[in-house]
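Sequence lines set the chain letters: A, B, ... in the order given, protein chains first and strands last, and positions in each chain run from 1.
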2 protein chains.
Amino acid sequence: MSKERPTIADVATRAGVSKGAVSFALNGRPGLAQTTVDRILAAADELGWRPSNRARSLSVSKAFALGLVITRDPGVLSSDPFFPAFIGGVESVLAPRGQALVLQVVAPGEGEEAGYRRLAQDGRVDGVFLSDLRHNDPRIDLLTSLGLPAVTLNRPEVPSPFPAVCLDDRPGTIAVVQHLVELGHRRIAHVAGPQDFVHATARTEAFVSALAEAGLQPAAIETSDFTAIGGIESTKRLLALPDRPTAIVYANDRMAIAGMGAAQQAGLRIPDDLSVAGFDDSELAEFVHPGLTTVRADPHAFGEAAARTLNQLIDGDGSAVPDVELPPARLIIRRSTANLEDS
Amino acid sequence: MSKERPTIADVATRAGVSKGAVSFALNGRPGLAQTTVDRILAAADELGWRPSNRARSLSVSKAFALGLVITRDPGVLSSDPFFPAFIGGVESVLAPRGQALVLQVVAPGEGEEAGYRRLAQDGRVDGVFLSDLRHNDPRIDLLTSLGLPAVTLNRPEVPSPFPAVCLDDRPGTIAVVQHLVELGHRRIAHVAGPQDFVHATARTEAFVSALAEAGLQPAAIETSDFTAIGGIESTKRLLALPDRPTAIVYANDRMAIAGMGAAQQAGLRIPDDLSVAGFDDSELAEFVHPGLTTVRADPHAFGEAAARTLNQLIDGDGSAVPDVELPPARLIIRRSTANLEDS
DNA sequence: TTGTACGCGTTATCAC
DNA sequence: GTGATAACGCGTACAA
């Protein structure tokens with residue numbers, strides 16, 4: 001057992017051909033007789049040879065890896081249900097292709113741009129996923145100037161040269177509002193995410209327009225930050241309103257669950273005194289008390305689609321890669337929402 | 001603006017020296033006159049040259065990256081508070097050194113071994129983190145045979161050639177039990193994690209021995225799976241016991257929060273009818289109703305220490321790298337635990 | 001300090 | 001149509 005890893009030269013010698021021939025055989029390129037190909041592949045197999053990633057990387061100027069930069073403080077990221085499942089979806093596409101996923105977690109602010117720069121300049125990745133899109137997102141220009149291919153998760157409102165993989169949050173939000181309206185609620189409030197995020201404002205706008213559709217106005221809109229503590233503070237303010245809302249639609253489950261706790265702490269019973277709905281269908285949503293009505297997307301499928309699209313872009317000739325539209329999130333009704341009359 | 005990226009040869013030409021000299025200057029190695037070094041560095045700076053990772057990788061046979069394989073189904077991983085913070089800690093060490101983190105999420109079973117194999121054979125990483133240690137963990141032998149450096153998060157009970165970075169779960173668990181005992185509880189049950197995990201059994205053993213210290217026996221021990229649904233099922237079984245426990249110690253927050261919901265659903269009031277404690281101090285723990293008594297570790301510091309240790313191992317001469325012991329997790333008392341007499 | 005071989009595939013150019 | 005040869009990508013390291 002030689003400890004040394006075999007190289008393409010070893011395979012070539014063993015098969016009695018040149019290095020180039022081995023390369024051609026492995027990559028299934030024409031110009032070799034079938035018998036030769038078989039002989040080469042057999043030799044490679046016997047030697048247990050696999051091409052060196054590093055040599056290939058240098059030679060073809062590709063990293064065979066994709067990058068994901070998550071821009072959040074670790075505190076906020078913690079218990080976020082989206083990324084683990086998203087990454088799982090990404091992996092399911094990358095693994096069979098021998099690609100790797102390079103992950104960066106950076107705090108909002110300075111670290112972000114540097115993160116993308118590093119990924120690009122070090123040639124670590126062949127492309128990146130752009131998540132948590134913001135208004136006037138500077139990363140679009142940044143990546144364009146870096147020449148790094150990307151896909152955006154949902155569509156930015158600035159002109160973007162990158163394909164977008166979209167999962168529309170709005171139908172789910174609209175369904176929540178309709179559901180509450182049907183239950184008889186008229187004073188419905190919203191606890192939104194940070195309005196610099198495109199998906200946060202999308203949910204807010206969907207909330208407002210769905211209410212308008214029913215001839216209603218928002219009871220109140222609180223801009224929060226997707227965290228539990230933020231959800232609590234917003235909830236307290238809403239509950240202190242002279243005309244207290246009878247239902248609150250939160251932009252994510254974390255705020256909803258925390259808000260529910262705050263309301264209960266304040267002596268309110270859910271859903272009798274207050275209906276509550278979340279967004280994400282995180283694992284705990286089903287199991288808190290009462291079970292949280294929420295909206296469920298499919299982050300795993302999102303990851304798969306995004307990875308496939310990014311690879312299309314990277315592998316493709318320069319032709320445009322079409323956007324991908326995923327099935328929208330849908331309403332999951334549980335016990336935290338109920339008829340207004342029941343109270 | 002030439003679009004081409006400068007190479008070491010460009011720098012050498014500009015500084016009027018050879019490639020080798022540039023390499024020496026950049027790596028701060030002796031044997032060059034200071035004036036020459038300055039001239040070379042200036043030239044590199046003017047050209048904006050940075051050494052190519054890929055060429056360096058091929059040349060020195062290093063990846064300049066570390067790997068983390070997370071072996072969980074995405075469903076379980078979701079809302080796990082440990083990894084995001086841990087990864088944040090890892091990044092804080094890697095980023096300044098220009099290293100990258102390669103992440104793999106694989107489902108338990110077949111995918112795992114292949115994941116490590118791929119990382120090793122593709123030369124993607126220079127070392128890996130071994131988390132979620134199991135009894136007779138096959139990965140120790142696997143990595144040894146692959147020749148891939150590693151650090152283990154906590155100490156495996158099989159002989160391991162790798163340094164261990166440890167954060168002892170037991171003091172926290174013991175403190176929980178003592179806290180409950182002081183509150184007057186005598187029938188205390190435990191909902192454990194899967195017993196193939198070392199940290200799950202460690203918590204279970206700490207639970208048992210802390211009770212024994214107080215002259216008590218476990219009211220019951222349920223082996224569960226760290227998931228919300230698992231926590232609920234175990235809780236239901238515990239509550240159906242003829243001699244219902246007055247307190248339940250869960251091996252993580254997720255099961256605790258879900259279990260709390262189940263108990264409330266069953267008409268029990270917490271903490272009046274049942275005290276509940278978790279483990280992790282996840283974000284929601286503070287904000288569910290009632291706030292969850294739990295145990296808090298510092299996964300960010302864990303990540304930092306693990307990354308530093310792994311790098312020591314990789315960079316070091318063959319000498320042994322010492323294990324690292326982190327400050328133990330500590331008890332966080334909230335409203336979910338109360339005096340038995342209050343009920 | 002310099003020159004050059006080396007790490008390891010890929011690919012363009014040539015020859016049979 | 002088959003296959004060999006050699007240059008290339010870009011630092012690193014050793015002999016000179």
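Where A55(B) and R29(B) each meet DNA chain D at their nearest nucleotide, the meeting point lying more 5' is that of A55(B).
Taking a 6.0 Å sphere around CG of D196(B), one finds it holds more than 12 heavy atoms contributed by other residues, nucleotides or ligands.
With F64(B) as the aromatic partner, R56(B) meets the cation-pi criteria of under 6.0 angstrom to the ring centre and within 45 degrees of the ring axis.
Using modelled atom types, one side-chain atom of R54(B) and one backbone atom of G123(A) make a donor-acceptor pair closer than 3.5 Å. Distance alone, capped at 3.5 Å, is enough to place a donor-acceptor pair between the D323(B) side chain and the A164(B) backbone.
Using a 4.0 Å cut-off, no side-chain N or O of S59(A) falls inside it from OP1 or OP2 of dG9(D). Of the side-chain N and O atoms in S52(A), none sit less than 4.0 angstrom from OP1 or OP2 of dC8(C). The side chain of T36(B) contributes an N or O atom lying less than 4.0 Å from OP1 or OP2 of dT1(C). OP1 or OP2 of dC10(D) has not a single side-chain nitrogen or oxygen of R56(B) nearer than 4.0 Å. Look at W49(B) and you'll find a side-chain N or O under 4.0 angstrom from OP1 or OP2 of dG11(D).
Looking at heavy-atom distances under 4.0 Å, S61(B) makes no contact with the nucleic acid at all. Within 4.0 Å of T7(B), counting heavy atoms only, lie sugar-phosphate atoms of the nucleic acid but no base atom. V17(A) comes within 4.0 angstrom of sugar-phosphate atoms only, judged by non-hydrogen atoms across all strands, and of no base.
The P51(B) side chain lies nearest to dG11(D) when the options are dT2(C), dG7(C), dG11(D). Taking every side-chain heavy atom of N27(B) into account, dT12(D) is the closest of dT12(D), dC10(D), dT10(C). In this structure, the nucleotide among dG9(C), dT12(D), dG7(C) sitting nearest to the side chain of I8(B) is dT12(D).
One can place CZ of R39(B) at 13 Å from C1' of dT2(C), the figure rounded to the nearest angstrom. Counting to the nearest Å, the C1' atom of dG7(C) and the NZ atom of K19(A) are 10 Å from each other.
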